[in-house]
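Read through the structure below, which is laid out as structure tokens, and then see the notes.
For the single chain, residues carry numbers from 1 onward in sequence order.
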Amino acid sequence: MTRRRPTLIAALTLTATAALTLSACGSDDSSDKGEDKIAGADTGSSTPSASPTASASSEPGRPEIELPADVTYKFEWDKTGDPVKDAVLHDAEQRIKAVDMAIAEQDPLHEAYRFYSEGEAAAGSEKYIEDFVDHKARTTGLTRYYNESVSIKGDGTAALVYCEDQSKSFNKFIKSGKTDVTPVTKDSYVVYASTLRKNSKGIWLTERLNSERGSEKCQP
């Protein structure tokens, strides 16, 4: 798994077998001194905490997604005109945001991301979020999603492949407010391949999620 969070940690919600390490953090030390050991971290003054913004679903029963104002997205996912495929894209988008909300709230067992995932994907997300919590960090900046492809399989599952642009997305340490600004490289672009299945409530749950950093498919 590969999300450049904690430089962007290795990958956004990932499979349970994927390595989820804080690639920007040169030490496993989760003490306050650990922040000073992160290569490329902004050593300027502390940034004030941003006020949260909420994204409520119009559908009853879905969790409300509330994120800090400095956590933003650009989903370049076009409507397909197929209600099933569009529902897959919608729920995948909500899962992505729910994971970042869990990170912001420092809760590895947050109900929101678990509402949109299960199995290997949910277990991978829990570990991914725990890495942020251990380093007392969260995400910040703009993340772009593009080049999506969704298909419905004969067994009722959906296959979703998409790209993530992390060039304007970074790690932010909660206590100091410092942001780890990292240079843009080919590894700032990640391809994801996920498997989703609709549950009894009509929610498309992500069951598996694999990623590859530096994919040619996603380069600008």
Side-chain angles (χ1 to χ4, degrees), residues 1-6 8-22 24-25 30 49-73 75 87-143 145 160 162 164 166 169-175 177 190 192 194-211:
M1 309 318 314
T2 342
R3 208 178 173 182
R4 219 180 98 240
R5 308 257 162 144
L8 280 173
I9 300 193
L12 178 60
T13 58
L14 8 236
T15 63
T17 57
L20 295 176
T21 57
L22 290 167
C25 301
S30 60
S49 297
S51 58
T53 56
S55 174
S57 171
S58 59
E59 300 177 49
R62 288 176 179 261
E64 183 177 33
I65 306 298
E66 296 187 26
L67 290 158
D70 61 336
V71 179
T72 58
Y73 308 88
F75 284 92
V88 170
L89 291 170
H90 175 270
D91 290 350
E93 176 180 330
Q94 293 303 105
R95 180 195 55 77
I96 289 170
K97 293 179 178 179
V99 169
D100 278 337
M101 179 170 68
I103 291 170
E105 296 182 6
Q106 300 283 278
D107 183 359
L109 295 175
H110 202 292
E111 63 178 358
Y113 83 81
R114 297 169 73 87
F115 184 87
Y116 289 105
S117 60
E118 66 179 7
E120 292 180 359
S125 293
E126 180 180 346
K127 178 61 173 63
Y128 174 63
I129 297 161
E130 284 176 347
D131 285 340
F132 279 96
V133 174
D134 289 345
H135 288 78
K136 300 179 178 64
R138 67 170 177 84
T139 61
T140 187
L142 171 67
T143 310
Y145 296 91
L160 172 61
Y162 59 92
E164 180 187 49
Q166 302 173 350
S169 182
F170 309 102
N171 305 311
K172 182 176 182 177
F173 294 102
I174 293 171
K175 185 175 180 179
V190 185
Y192 292 89
S194 59
T195 300
L196 303 90
R197 185 185 300 275
K198 188 166 68 171
N199 67 8
S200 60
K201 297 179 180 179
I203 307 300
W204 284 93
L205 304 178
T206 298
E207 296 181 323
R208 292 186 296 276
L209 182 63
N210 293 296
S211 66

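For Ala87, the side-chain contact (heavy atoms from CB on, under 4.5 Å) partners are Trp204, not counting sequence neighbours. With sequence neighbours left out, Phe115 forms a ring-ring contact (aromatic ring centres under 6.0 Å, His included) with no residue at all. Residues meeting the salt bridge (Lys or Arg N to Asp or Glu O under 4.0 Å) test with Glu93, sequence neighbours left out: Lys97. Listed by chain and number, the residues in a side-chain hydrogen bond (donor to acceptor under 3.5 Å, both in side chains) with Arg197 are Glu207 (sequence neighbours excluded).
For the atom pair OG1 (Thr206) and CD (Gln94), the distance works out to 11.5 Å, reported to the nearest 0.5 Å. For the atom pair OG1 (Thr140) and CZ (Phe170), the distance works out to 8.5 Å, reported to the nearest 0.5 Å. Here the CD1-CD1 distance, from Ile103 to Ile174, works out to 10.0 Å after rounding to the nearest 0.5 Å. The distance from the CG atom of Asp70 to the OG1 atom of Thr139 is 7.5 Å, given to the nearest 0.5 Å. The distance from atom OH of Tyr192 to atom CG of Leu209, rounded to the nearest 0.5 Å, is 7.0 Å. Separation of atoms CG (Leu196) and CG (Leu89) is listed at 9.0 Å; rounding is to 0.5 Å.
Between Asp91 and Arg62 there is a salt bridge, since a side-chain N of the basic residue sits under 4.0 Å from a carboxylate O of the acidic one.
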Any chance you could lay out the side-chain contact (heavy atoms from CB on, under 4.5 Å) test for Val190 and Gln166, step after step, and finish with the verdict? CA-CA 8 Å; Val190 185; Gln166 302 173 350; 3.6 Å; yes
side-chain contact (heavy atoms from CB on, under 4.5 Å) assessment of Lys198 paired with Leu205: CA-CA 6 Å; Lys198 188 166 68 171; Leu205 304 178; over 6 Å; no
Verdict with reasoning, Glu105 to Arg138, per side-chain contact (heavy atoms from CB on, under 4.5 Å): CA-CA 9 Å; Glu105 296 182 6; Arg138 67 170 177 84; over 6 Å; no
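Considering every non-hydrogen atom in both Ile129 and Pro108, the closest pair reads CG2-CA, 3.6 Å. Closest approach of Gln106 to Ala137, counting heavy atoms only: NE2-O, 3.0 Å. Considering every non-hydrogen atom in both Met101 and His110, the closest pair reads CE-CE1, 3.4 Å.
No side-chain donor-acceptor contact under 3.5 Å links Arg95 and Ser117. Ser169 and Thr143 share a donor-acceptor pair across their side chains, judged by distance under 3.5 Å alone. For Tyr113 and Asp100, the side-chain atoms include no donor-acceptor pair closer than 3.5 Å.
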